There are 2 protein chains.
Amino acid sequence: MIENEIFKALADPTRRTIFEKLAAGGMNASALREGIDISQPAMSQHLAVLRSAGLVREERQGRFVNYEVDPEGLALIARWLAKYRAYWPARIEALKVLLKDMDQ
Amino acid sequence: MIENEIFKALADPTRRTIFEKLAAGGMNASALREGIDISQPAMSQHLAVLRSAGLVREERQGRFVNYEVDPEGLALIARWLAKYRAYWPARIEALKVLLKDMDQ
DNA sequence: GAATCACATAAGTCCATGCTTATTTGTTTC
DNA sequence: GAAACAAATAAGCATGGACTTATGTGATTC
């Protein structure tokens, strides 16, 4: 069940920080470490967890490995959340605004 | 940071099962245990975690305590997810369908 | 008010997980 | 092909978290 992997991956604050950083633009593992106090192996392990959860994908570029957000993981969360849409009727308007925003 | 509590709460499959069950309709802790192989204290502890995360709220009714989904927690996830909406342009159509659905 | 019931809390155990240091793998460069 | 560099993997450790049994608390019933 990948849903479980996703929530477990996001349960760690360091991994959410990494994910947020990647959301601002793809980069390699070394660049990701800048500004985050974390060892190289720890970063590598976190990225492996995020990748396995489908939240992030990698692409080797020479001796660097470029990481970027994988929309698949986000889509899965959105699908999970949609199951409970009955519980936020008051937010429908906000969602509509969001949609309009998406359309530009 | 309650965001952290939410993801940690949802990282446990048993708690997600409990949450899903509550989403189908509020009920007390004993009723919740039916169909889930879990001890009474374990259920109580899980509910405390969900409650602390803002995913569930309680209301004492006599010697029973009724639990139900708290929309606040879901709204927080939605807000978190919205930050990354740039990453699922292909899902806009799906969202529109969802919205239409919400309007009946 | 004693017994019973629904639930919460306490305390201890065990396993998962996030970290560390050390090493390995893959790639480039000289 | 040896050195240098980016990243992954291995192995060990320490903490967190999900469970257990035992007990406490609040409410109802007789």
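In this text, all values refer to a predicted model and were calculated from it rather than measured experimentally.
Heavy atoms of other residues, nucleotides or ligands lying less than 6.0 angstrom from CZ of B:R51 number 12 at most.
If you measure from atom CE of A:M43 to atom P of D:dT9, you get 16 Å, rounded to the nearest angstrom. Atom P of nucleotide D:dA8 and atom CG of A:N66 are separated by 12 Å, given to the nearest angstrom. In this structure, A:L47 atom CG and D:dA6 atom C1' are separated by 13 Å, rounded to whole Å. Regarding B:N4, its CG atom lies at a distance of 13 Å from the C1' atom of D:dG16, rounded to whole Å.
In 5' to 3' order, the nucleotides of DNA chain C bounding all contacts with chain A (an atom under 4.0 Å from a heavy atom) are C:dT17 to C:dT28.
Not one N or O on the side chain of A:R15 forms a donor-acceptor pair closer than 3.5 Å with the backbone of A:L10. A donor-acceptor pair under 3.5 Å links the side-chain atoms of A:N28 to the main chain of A:A31, judged by distance alone. The backbone N or O of A:V56 lies less than 3.5 Å from no partner atom in the side chain of A:Y67, so there is not a single donor-acceptor pair.
Between B:E20 and A:K83 there is a salt bridge, with a side-chain nitrogen of the basic residue lying less than 4.0 Å from a carboxylate oxygen of the acidic one.
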### Task
Check step by step if side-chain contact (heavy atoms from CB on, under 4.5 Å) holds for B:L22 and A:Y87.
CA-CA 11 Å; B:L22 281 179; A:Y87 283 96; over 6 Å; no

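Separation of atoms CG (B:L47) and OG (B:S52) is listed at 12.0 Å; rounding is to 0.5 Å.
Hydrophobic clustering keeps A:V49 apart from A:M43 (ILVMFWY residues linked when any side-chain heavy atoms are closer than 4.5 Å, directly or through intermediates).
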Measure all distances between protein nitrogen or oxygen atoms and nitrogen or oxygen atoms of nucleotides 18-25 of chain D, and list the pairs falling under 3.5 Å.
| from | atom 1 | to | atom 2 | distance (Å) |
| --- | --- | --- | --- | --- |
| D:dA18 | OP1 | B:R15 | NH2 | 3.1 |
| D:dA18 | OP2 | B:R15 | NH1 | 3.1 |
| D:dA18 | OP2 | B:R15 | NH2 | 3.3 |
| D:dC19 | OP2 | B:H46 | NE2 | 2.2 |
| D:dT20 | OP2 | B:S39 | OG | 2.8 |
| D:dT20 | O4 | B:Q45 | NE2 | 3.1 |

